[in-house]
Undergrad: 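Please find one structure pasted underneath; my questions will follow.
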Amino acid sequence: MPNDPHLIEGLCRQHGIPATKKALILLERYAALLDEWNLKVNLVSRKEHAPVIIKHVFHSMLVARIHDFKPGEKVLDLGTGGGLPGIPLAILFPETSFLLVDSTGKKIAACKSMIKELGLGNAIALHTRVEELRGVIFDTVLSRQVAPLEELCAYSARLLKRGGVLICLKGGSLNEEIAQAVLSREKHLGFPASVDQLPIGEIDPMFSEKQIVIARW
Ligand SMILES: C[S@@+](CC[C@H](N)C(=O)[O-])C[C@H]1O[C@@H](n2cnc3c(N)ncnc32)[C@H](O)[C@@H]1O
């Protein structure tokens with residue numbers, strides 16, 4: 001489905017997401033590239049009848065409503081697929097550093113090409129399993145539709161600085177998943193000490209079953 005170029009601008013204004021003119025142009029370009037790449041590599045579901053720019057790009061940008069990305073902050077996008085949520089957020093926050101990792105080589109090749117075409121100097125895509133990342137600590141870990149919360153907490157406990165946060169975009173009923181992650185924290189260096197859920201269904205019916213989950217030390 002083609003992307004309406006004015007849609008993203010209106011949504012950002014309506015929901016208080018800071019986006020410069022340059023960022024809006026890049027976000028639209030990214031949505032178009034994602035559509036193009038999706039014909040060659042399965043990056044996002046092809047069955048959906050919703051524009052990629054809302055269902056995937058704007059959905060990822062909603063993290064900016066609850067987290068203040070700072071200049072110099074180091075962010076990991078764990079299981080980025082086609083760059084979600086890392087690329088939209090790297091566009092919005094050009095002074096924050098984003099490392100995008102995925103275990104599927106073809107997806108990372110697509111991310112590298114899109115990052116280059118968009119001219120993003122603050123995003124790097126790396127083909128690896130997150131379990132194999134060594135010698136690097138992040139201020140923030142992001143993850144969209146990748147794994148159960150306990151698994152994400154196990155990875156993050158090793159990679160997240162004390163005081164950092166894990167922010168996940170998730171769908172469905174999460175109470176049991178969250179309870180399991182909290183119950184298992186002693187296995188994961190005490191992470192998470194607490195978890196908050198923020199439903200985002202009021203923003204668009206498309207997100208009716210979606211939540212942002214924030215896990216803290
Ligand atoms: C359902 S896709 C979601 C991709 C993207 N975050 C999005 O929202 O479109 C899950 C992705 O996580 C990646 N993944 C799963 N486990 C991983 C791991 N342990 N390390 C790195 N990537 C992983 C998969 O290769 C896949 O691309």
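We count ligands from 1, going down the list as the structure has it; atoms in each ligand are counted the same way.
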Undergrad: Judged by atom type as modelled, is there a donor-acceptor pair below 3.5 Å linking the side chain of S60 to the main-chain atoms of H56?
TA: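 Yes, because the side chain of S60 sits within donor-acceptor range (under 3.5 Å) of the backbone of H56.
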Undergrad: What atoms in ligand 1 come closer than 4.0 Å to a heavy atom of T104?
TA: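 Near T104, the atoms of ligand 1 are 25 (O).
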Undergrad: Charged N to carboxylate O below 4.0 Å: is that the case for K161 and D139?
TA: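 Yes, K161 and D139 are salt-bridged.
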Undergrad: Looking only at distance, does P85 have an N or O less than 3.5 Å from an N or O of ligand 1?
TA: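 In fact, backbone or side chain, P85 has no N or O that close.
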Undergrad: How far is atom 1 (C) of ligand 1 from the closest protein heavy atom, and which atom is that?
TA: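 Among all protein heavy atoms, the one nearest atom 1 (C) of ligand 1 is Q145 O, 3.1 Å.
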Undergrad: Identify, for atom 15 (C) of ligand 1, the protein heavy atom at the shortest distance, and state residue, atom and that distance.
TA: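 Of every protein heavy atom, V146 CG1, 3.8 Å lies nearest to atom 15 (C) of ligand 1.
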Undergrad: Using a strict 4.0 Å cut-off to heavy atoms of T128, name the atoms of ligand 1 that fall inside it.
TA: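 Those of ligand 1 that fall under 4.0 Å from T128 are 21 (C).
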Undergrad: Considering only non-hydrogen protein atoms, determine which one is nearest to atom 23 (C) of ligand 1 and report residue, atom name and distance to 0.1 Å.
TA: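 Answer for atom 23 (C) of ligand 1: S103 OG, 3.4 Å.
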Undergrad: Do you see a donor-acceptor pair shorter than 3.5 Å between the side chains of H67 and E73?
TA: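 Result is yes, a qualifying pair exists.
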Undergrad: For atom 20 (N) of ligand 1, what is the closest protein heavy atom, and at what distance to 0.1 Å?
TA: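 Closest protein heavy atom to atom 20 (N) of ligand 1: V130 N, 3.0 Å.
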Undergrad: By number and element, which atoms of ligand 1 are closer than 4.0 Å to a non-hydrogen atom of K107?
TA: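 So the answer, numbered in order with elements, is 26 (C), 27 (O).
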Undergrad: Going by the side-chain contact (heavy atoms from CB on, under 4.5 Å) test, name the single residue among L99, I108, D102 that passes it with L126.
TA: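 With L126 as partner, L99, I108, D102 yield a single side-chain contact (heavy atoms from CB on, under 4.5 Å), made by L99.
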Undergrad: When you measure from the side chain of R185 to the backbone N and O of P192, does any donor-acceptor pair fall under 3.5 Å?
TA: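 Judged by distance alone, yes, a pair lies under 3.5 Å.
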Undergrad: Ignoring hydrogens and geometry beyond distance, is a side-chain donor-acceptor pair present between Q180 and S184 at under 3.5 Å?
TA: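 Judged by distance alone, the side chains do pair up.
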Undergrad: Side chain or backbone of H56 under 4.0 Å from ligand 1, or both, or neither, by non-hydrogen atoms?
TA: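 Near ligand 1, H56 shows nothing, with every heavy atom at 4.0 Å or more.
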Undergrad: Under 4.0 Å, heavy-atom basis, I'd like to know which part of D77 is in contact with ligand 1: side chain, backbone, both or neither.
TA: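 For D77, there is no contact with ligand 1 at all, from either part.
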Undergrad: Are V101 and V63 linked, directly or through other ILVMFWY residues, by side chains that come within less than 4.5 angstrom of each other?
TA: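 No.
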Undergrad: Between the side chain of R144 and the main-chain N/O of G81, is any donor-acceptor distance below 3.5 Å?
TA: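 Here the side-chain-to-backbone pair does not exist.
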Undergrad: Just let me know how L169 lines up against ligand 1, side chain, backbone, both or neither, with a heavy-atom cut-off below 4.0 Å.
TA: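 L169 to ligand 1: no contact under 4.0 Å from either part.
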Undergrad: Can you tell whether the side chains of K21 and E9 come within less than 4.0 Å, N to carboxylate O?
TA: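 So K21 pairs with E9 through a salt bridge.
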Undergrad: Considering non-hydrogen atoms of the protein only, which is the closest contact for atom 4 (C) of ligand 1, and what is the distance?
TA: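 Scanning the protein heavy atoms, the shortest distance from atom 4 (C) of ligand 1 goes to G79 O, 3.4 Å.
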Undergrad: Among all protein heavy atoms, pick out the one at the shortest distance from atom 5 (C) of ligand 1; state its residue, atom name and that distance to 0.1 Å.
TA: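 Its nearest protein heavy-atom neighbour is T80 O, 3.3 Å.
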Undergrad: For atom 26 (C) of ligand 1, grab the closest protein heavy atom and report residue, atom and distance to one decimal in Å.
TA: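 Sorting protein heavy atoms by distance from atom 26 (C) of ligand 1 puts D102 OD2, 3.5 Å first.
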Undergrad: Starting at CD1 of I87, measure out to CD1 of I115 and round the result to the nearest 0.5 Å.
TA: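 These two atoms lie 4.5 Å from each other.
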Undergrad: Between E131, R144, E132, flag the one that comes closest to atom 19 (N) of ligand 1 by a heavy atom.
TA: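 Nearest option to atom 19 (N) of ligand 1, by heavy atoms: E131.
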